[in-house]
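Start at 1 with the first residue, then count along the sequence. Note that these values count all heavy atoms, side chains included, but never hydrogens, waters or copies made by symmetry.
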Amino acid sequence: MTSKKPAGPKSKSGKKQAKSSQAAAPVKQVRAKPGRQADSPENAPAIPKARTPEVPAGPAVSPALDPADRERLLAGTHHDPHTVLGAHPVPGGVAFRVFRPYAEAVTVVFEDVRAELRDDGEGFFSGLLPLTEVPAYRLLVSYDGTEHEAEDPYRFLPTLGELDLHLLGEGRHEELWQALGSRVLTQQGVTGTRFAVWAPNALGVRVAGGFDFWDATGFPMRSLGSTGVWELFVPGVGEGELYKFDITRPDGSRTLRADPMARRTEVPPATSSIVDVSRHEWGDAEWMAHRADRPVHEAPFSVYEVHLPSWRPGLTYRQLAEQLPAYVGDLGFTHVELMPVAEHPFGGSWGYQVTGFYAPTARLGTPDDFKYLVDKLHQAGIGVLMDWVPAHFPRDEWALAEFDGRPLYEHGDPLRAAHPDWGTLEFDFGRREVRNFLVANAVYWCEEFHIDGLRVDAVASMLYLDYSREAGQWTPNEFGGRENLDAVAFLQEMNATVYRRCPGVVTIAEESTAWDGVTRPTHHKGPSGFGGLGFGLKWNMGWMHDSLAYLSHEPVHRKYHHHEMTFSMVYAYSENYVLPISHDEVVHGKRSLVSKMPGDWWQQRANLRAYLAFMWAHPGKQLLFMGQEFAQGAEWSEAHGPDWWLLDPAYGAESEHRGVRELVRDLNTAYRATPALWERDTDPAGFEWIVGDAAEDNVFAFLRRDAEGGPLLCVANLSPLARPDYRLGVPDAIPAWHETLNTDLARYGGGDITNQGTVKPEPQPWHGHPASIHLTLPPLATVWLRPA
C-alpha cells in the first residue's frame with residue numbers, strides 16, 4: 001500500500017538547532033538508477049544523475065530532533081510539529097526531519113538529487129543538505145524492502161487563512177463546514193485532504209485512518225493559535241478515506257473521536273468519518289428561483305411527515321426518490337417534513353439523538369444520494385422540511401461528549417449539561433464556538449442540501465433553565481429568572497442568519513409553552529422585554545391536545561367539552577401556527593389517529609374524516625404523519641413503518657382505507673385552490689365564527705376569507721345525528737352557495753348525505769347575520785361551501 005503523507009510549511013526555526021554542538025549528520029548521496037519511474041499516481045519522470053548541491057557558508061548543525069520535541073511527538077502532545085518536521089533552513093544548509101514510524105529508510109528527492117536520511121530510531125530520520133533554500137521535495141520511504149514515493153505532510157503551509165481564523169475565533173464563521181472537518185483540495189500544487197478540528201483543551205491531536213493503518217503516531221496536527229483549531233494537510237488522501245481524530249486529553253490519556261464536522265459517516269454501528277466529495281449536479285433551479293416569491297404564512301402549506309427509514313423499509317435515498325415524490329404529489333401535499341436525517345447511532349431514537357450533525361445518515365446512502373432525493377422532490381414541486389435537533393446530543397464516547405477531555409460542546413456545569421429526561425447532554429449555548437457550530441449547521445443544510453425549512457425540535461427544553469428540573473437542580477439567570485438567556489440568544493442568531501442567507505427558507509419551532517414571541521421578529525420586543533425568537537412558524541401543541549381530547553370523547557359527552565374545539569381561536573393570531581398531527585401522537589400507547597376516535601369502525605372513520613376537514617379549514621398550516629392519511633389502525637413503529645397492505649385491493653376493507661386517502665387528496669386539492677384557507681392565516685380579519693357555541697348540537701361553523709374578502713364556509717357536525725334542516729347565518733352579499741367538500745361522500749366511506757345544487761340565502765337574520773341558509777348536516781361530518 002502506498003502511504004502518501006502531507007508536508008509542512010517553510011519555517012525559519014534554526015535557532016534551537018544552532019545551539020547544538022553536534023556535527024552535521026552525513027547525508028548519503030545516491031545516484032539515480034537510469035529509467036526509474038516514481039512510484040506515485042502522477043508517475044513522475046525518472047530521476048536523473050545525482051549532482052552535488054552548493055554548500056552555504058556557516059558552521060553546520062545537527063539536524064536531529066531535540067529530545068523534548070521527539071518525546072512530545074511520540075506521546076502525541078506536540079502543538080506545532082511543522083516547526084520541527086519537514087525541511088527548515090539552518091546554519092550550514094537545510095535540515096530535513098521526517099517522522100515515519102515503522103519505516104526502514106527515508107530518502108529525500110528533488111530535481112536530480114536523491115539523499116538518504118540518517119535513521120535516528122523510533123521512526124525519526126534526519127539529514128542536513130548544503131542548500132541555500134528549501135526545495136520542492138518528495139520522500140522515498142521503504143517499508144519491508146518496498147519503496148514508496150510520497151509527499152511530506154510537513155512541507156505545506158496552513159490551509160486556513162487569516163479571515164478563517166478570525167471568524168473562527170469570533171464564533172462567526174457562517175460557512176464553518178468549509179473551514180473545519182475534512183476537505184479534498186489542492187495545496188501548493190498537490191492534491192490531498194485538509195483535516196481540521198476544534199479541540200482547545202487537547203494536548204495534541206493526530207489523524208488516524210486507513211491511510212496510516214489507524215496508527216496516528218506519524219500524523220500529528222498543528223495548533224492554530226488561540227482558536228483551539230488543529231490542522232493538517234495530508235497529500236494523497238482523497239474521497240472515501242475513513243478517518244478519526246486521535247486526541248491526547250489534558251490528563252495525558254487518549255481518545256479516538258469521529259469528526260464533529262464530518263459530512264459523511266460509516267453505516268452505524270460503525271462510527272468512522274469519511275472524506276467526502278460532492279458531485280451532485282442540481283436540477284431544481286426553477287424551484288430555488290421561485291420558492292421565496294410568496295411569504296410562507298401567506299401561502300398554501302400542507303405537510304406530510306415522513307420517517308424515511310420506515311416509510312418503505314429497505315429503500316435507499318435514490319429508491320425513495322423514485323417513489324416518495326410521486327406519492328406525495330398525488331396526495332397534493334405542498335411539503336414533506338423528514339424526521340431527522342442527520343447521522344445517529346441508535347435507530348430507535350428516530351434520529352433525535354444526533355452524533356453527526358453535518359452528515360445525512362449513511363443507512364440510506366451517501367450525501368449525494370440524499371441531495372438526489374431533495375432534488376427530485378423539488379422537481380416534483382414539493383418543498384422539503386427537515387427536523388433539526390440543536391437541543392442535545394448523546395453521550396457516546398466516540399462522539400461529542402467531553403470531546404477533548406473536558407466539557408466542550410456541553411455546558412461545564414453538570415446541572416446544566418445533563419438533560420433530565422433523555423439521558424443526553426445539552427449544548428452550551430453561551431459558548432461562541434458552540435453557537436457557531438449550530439448556526440452554521442442550520443445554514444449548511446439549507447445551502448448545501450437545498451432544504452426549504454427547519455423544524456427545530458424541543459425548543460421548550462432549551463428556553464427554560466428549570467425544564468424538567470426540581471427546585472435546587474437549576475440556577476436562575478442573572479436577572480433571577482428561569483429563562484435560558486444563552487439559548488434565547490442562540491435561537492435569535494440562528495433564525496436571523498438563516499433568513500438573511502437563505503431566501504424562501506422557513507424555520508418552525510416545536511415549542512409547547514406560551515413563550516412570548518416565538519414567531520415575532522428578533523428586533524421587536526414584547527411585553528416580557530425579550531425580542532422575538534424569529535421563527536417563521538410554530539407548532540400549535542395546544543390546538544392538537546385540545547382537539548384530540550374532544551374527539552376522544554363519546555359524542556354524547558362532547559357538549560361538555562365544546563370549548564376544547566373553540567379555545568384555539570382565542571390565541572390563534574398570537575403566533576404563526578402549524579396544526580401538527582405528528583409522529584408523537586401515534587406512538588407509545590397513544591394509538592393511531594383513527595383509533596383515538598370513539599364508536600364502531602364506521603364511526604371512527606367518520607370522526608377522522610370530519611376532523612381532518614375541520615383541521616384543513618382551521619387557521620394555520622397542516623401537518624399529518626405518514627400512515628394516518630389512510631386510517632392505519634395500528635400505532636406507528638420504526639421497525640416496519642405504515643401498514644401499506646391496508647391499501648391492497650385483495651384486502652377486504654381496502655376501500656374503507658382508500659376512501660380516507662381519497663379525502664386527504666381532495667382536501668389538499670381544494671385547499672390549494674382556495675386562498676381563503678391560507679392567504680390570511682395570520683390575520684384575524686380572515687376568520688369569523690358563524691356559530692361557536694352550539695354545544696348541544698356538537699356543531700361548529702365559521703367563515704374563512706381571502707385577501708379580497710372571498711369566503712369559504714366550514715360547518716362541522718360532530719354529532720352522530722344527521723341534521724336535515726340546520727339554519728346558519730350568512731353574509732347577505734352572497735346570492736348562492738354550493739357544497740365543494742363533504743366528508744360523508746360514499747366514495748370516502750360515508751353515508752352520502754349531501755346538499756345538492758345551490759343553497760340560496762333567505763332574508764331572515766340569524767347568528768348575527770342579515771341572511772341565513774338551511775343545510776343538511778350529515779352525521780360526524782364536515783362540509784365546505786363556497787359562493788356559487
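- With sequence neighbours excluded, no residue forms a salt bridge (charged side-chain N to carboxylate O under 4.0 Å, His left out) with D276.
- The two residues F393 and V354 have their closest heavy-atom pair at CB-O, 3.7 Å.
- In the model, H392 has a side-chain atom that pairs as donor or acceptor with a side-chain atom of T424 under 3.5 Å.
- Here the straight-line distance linking atom CZ of R194 with atom CE of M221 works out to 9.0 Å at 0.5 Å rounding.
- Each side-chain hydrogen bond (donor to acceptor under 3.5 Å, both in side chains) pair with one or both residues in residues 401-414, not counting sequence neighbours, appears once here: N201-D404.
- Rounded to the nearest 0.5 Å, atoms CH2 (W230) and CZ (R222) are 12.0 Å apart.
- With no hydrogens or angles considered, no side-chain donor-acceptor pair links T355 and E343 at under 3.5 Å.
- Applying the salt bridge (charged side-chain N to carboxylate O under 4.0 Å, His left out) test to D428 and every residue at least two apart in sequence or in another chain returns nothing.
- One finds the OG1 atom of T497 at 10.5 Å from the CZ atom of R435 (value rounded to the nearest 0.5 Å).
- Within a 6.0 Å sphere centred on CG of D251, other residues, nucleotides and ligands contribute more than 12 heavy atoms.
- Between R118 and D120 there is a salt bridge, with a side-chain nitrogen of the basic residue lying less than 4.0 Å from a carboxylate oxygen of the acidic one.
- For the residue pair D259/Y243, the side-chain donor-acceptor check at 3.5 Å is satisfied.
- Among residues two or more places apart in sequence or in another chain, the salt bridge (charged side-chain N to carboxylate O under 4.0 Å, His left out) test is passed with R432 by none.
- Judged as a salt bridge (charged side-chain N to carboxylate O under 4.0 Å, His left out), and not counting sequence neighbours, E483 has no contacts.
- Aromatic ring orientation, W422 versus H419: parallel (interplanar angle below 30°, classes split at 30° and 60°).
- Under the 3.5 Å distance criterion, with hydrogens and angles disregarded, a donor-acceptor pair is assigned to the side chains of T271 and K244.
- Using a 4.0 Å cut-off between a side-chain N of Lys or Arg and a carboxylate O of Asp or Glu, E448 and R501 do not qualify as a salt bridge.
- With sequence neighbours left out, the side-chain hydrogen bond (donor to acceptor under 3.5 Å, both in side chains) criterion links W474 to no other residue.
- Annotation: F195 is not in aromatic contact with F219 [ring centroid separation under 6.0 Å not met].
- In this structure, a donor-acceptor pair under 3.5 Å is present between the side chains of T191 and T186.
- Aromatic ring centres of F437 and Y358: separated by under 6.0 Å.
- For the pair F156 and E151, the minimum side-chain heavy-atom distance is below 4.5 Å.
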Inset, instruction - Would you check, one step at a time, whether the test side-chain contact (heavy atoms from CB on, under 4.5 Å) holds for L364 with F370? - result: CA-CA 8 Å; L364 307 181; F370 180 59; over 6 Å; no
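- The pair R72-D69 meets the salt-bridge criterion, with a side-chain N (NZ, NE, NH1 or NH2) lying under 4.0 Å from an Asp/Glu carboxylate O.
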